[in-house]
Amino acid sequence: MVEFDFTPAFAAWPELLSGAWVTIEVTLCALLISCCLGTLIGLGRLNPQRKLVWWLCNSYVVFVRGTPLLVQLFILYFGLPYFNIVIPAFVCGIIGLGCYSAAYVSELVRGAILSIDRGQTEAARSMGMSGAQAMRLIILPQALVRMVPPLANEFIALTKNSALVSLVTIHDLMHEGQKVISVSYRSLEVYIVIAFIYLLMTSSTMLLLRVVEKKLRAGGMVQ
């Protein structure tokens, strides 16, 4: 019969909450990079006439999606110092997570733009807009609204993937949990508490984004 003892985990509650806050900070900053970079890459993949940009964007997506996030983080944190480029662990984790997620967001952007009726582009051009203006003022705003539901899934995945940044010495939730385990040896109980905190964060995010999606649906912006 397994006897549970959550006392060490509850005693370290302030440290675990501090780690959870670091996890939220890393995730939010990575999401900002992901959305900006993913939008640029998604746009670059829509224009095969610009062969160099199209090839670079496609190569980026193939590389990032085809290699583990942990390997990419290690390349950034342990590889760049070979070129005398030293990035603080916190920044390294944000860049690694953001660049990884950008490859997936670029697919969302590309799919959302392609889902917009071509007639709207033609109508915008007939009003005298350039191709860039039609994309920026007419197509992209509608595409971004349609991205809200799948972007919610990507945000939740990003939150869970952030646990890997503990391996590049960022003091996030997982890192703080490992410290508690190293002195208490109550690994199962600590991991259960960590899982509960992650569940709380992802569930809160899911509920918040569902509220946003419902408001957009009520306004007829999402079908």
Side-chain angles (χ1 to χ4, degrees), residues 9 12 15-42 45 56-109 150-183 185-203 205-206:
E15 289 79 6
L16 293 178
L17 285 183
S18 172
W21 178 246
V22 172
T23 294
I24 293 171
E25 286 181 325
V26 169
T27 303
L28 289 176
C29 292
L31 182 69
L32 182 62
I33 293 176
S34 169
C35 290
C36 296
L37 185 59
T39 301
L40 293 176
I41 294 172
R45 298 183 68 201
L56 287 173
C57 291
N58 275 286
S59 299
Y60 178 88
V61 172
V62 169
F63 174 78
V64 172
R65 296 184 65 179
T67 55
L69 171 58
L70 182 58
V71 174
Q72 295 168 26
L73 286 172
F74 281 174
I75 289 175
L76 283 174
Y77 190 66
F78 297 111
L80 290 183
Y82 283 91
F83 304 95
N84 294 322
I85 302 174
V86 179
I87 304 176
F90 186 78
V91 178
C92 180
I94 291 172
I95 293 175
L97 270 180
C99 291
Y100 178 79
S101 178
Y104 292 89
V105 171
S106 73
E107 284 290 282
L108 302 181
V109 172
L151 194 59
N153 292 330
E154 179 57 30
F155 189 23
I156 290 169
L158 191 63
T159 304
K160 292 185 289 186
N161 286 335
S162 69
L164 290 175
V165 302
S166 65
L167 297 173
V168 291
T169 71
I170 294 179
H171 291 206
D172 70 331
L173 175 58
M174 184 60 76
H175 189 275
E176 294 299 326
Q178 295 284 2
K179 285 165 61 178
V180 177
I181 292 171
S182 66
V183 296
Y185 302 104
R186 306 303 302 188
S187 56
L188 179 58
E189 292 88 338
V190 174
Y191 283 133
I192 288 174
V193 172
I194 289 174
F196 176 77
I197 296 174
Y198 272 112
L199 180 63
L200 195 62
M201 287 193 290
T202 55
S203 299
T205 302
M206 196 181 302

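Since this is a predicted model, take the numbers as computed values, not measurements. Residues: numbered from 1 along the sequence shown.
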Asker: Can you tell me how far apart SG (Cys57) and CD1 (Ile41) are? Round to the nearest 0.5 Å.
Answerer: 6.0 Å

Asker: Atom OG1 in Thr205, atom CD1 in Ile24: separation rounded to 0.5 Å?
Answerer: 8.0 Å

Asker: Is it true that the side chains of Glu154 and Ser101 contain a donor and an acceptor less than 3.5 Å apart?
Answerer: yes

Asker: Checking the side chain of Ser162 only, and the main-chain atoms of Thr23 only, is there a donor and an acceptor separated by less than 3.5 Å?
Answerer: no

Asker: Look up atom NZ in Lys160 and atom OH in Tyr198, then write down how far apart they are to the nearest 0.5 Å.
Answerer: 11.5 Å

Asker: Can you check whether Met201 reaches Phe196 side chain to side chain, under 4.5 Å on heavy atoms?
Answerer: no

Asker: Can you tell me how far apart OG1 (Thr202) and CD1 (Ile197) are? Round to the nearest 0.5 Å.
Answerer: 12.0 Å

Asker: Could you tell me the separation between the CZ atom of Arg45 and the CG atom of Leu40, rounded to the nearest 0.5 Å?
Answerer: 13.5 Å

Asker: Do the side chains of Ile181 and Arg186 get nearer than 4.5 Å, heavy atoms only?
Answerer: no

Asker: Measure from the side-chain N and O atoms of Ser34 to the backbone N and O of Ala30, and report whether any donor-acceptor pair falls under 3.5 Å.
Answerer: no

Asker: If I compare all heavy atoms of Tyr100 with all of Tyr60, which pair ends up nearest, and what's the gap?
Answerer: N-OH, 4.4 Å

Asker: Does Glu25 have any side chain to side chain donor-acceptor pair (under 3.5 Å) partners at least two apart in sequence or in another chain, and if so, which?
Answerer: Trp21

Asker: Can you label the angle between the His175 ring and the His171 ring as parallel, tilted or perpendicular, going by 30° and 60°?
Answerer: parallel

Asker: Just by distance, no angles: are the side chains of Ser18 and Glu176 close enough, under 3.5 Å, to form a donor-acceptor pair?
Answerer: no

Asker: Please say which of Leu158, Val165, Asn161 ends up in a side chain to side chain contact (heavy atoms under 4.5 Å, CB included) with Thr27.
Answerer: Leu158

Asker: Can you give the donor-acceptor pairs under 3.5 Å from side chains of residues 82-90 to other protein atoms, not counting sequence neighbours?
Answerer:
none

Asker: Does any donor atom in the side chain of Gln72 or Tyr77 lie under 3.5 Å from an acceptor atom in the other side chain?
Answerer: no

Asker: What are the two closest heavy atoms between Cys92 and Leu76, and how far apart are they?
Answerer: SG-CB, 3.5 Å

Asker: To the nearest 0.5 Å, how far apart are CD1 in Ile95 and CG in Leu73?
Answerer: 10.5 Å

Asker: So Leu37 and Cys99, do their side chains get closer than 4.5 Å, heavy atoms only?
Answerer: yes

Asker: Has Ser106 got a side-chain atom pairing as donor or acceptor with Ala103's backbone, closer than 3.5 angstrom?
Answerer: yes

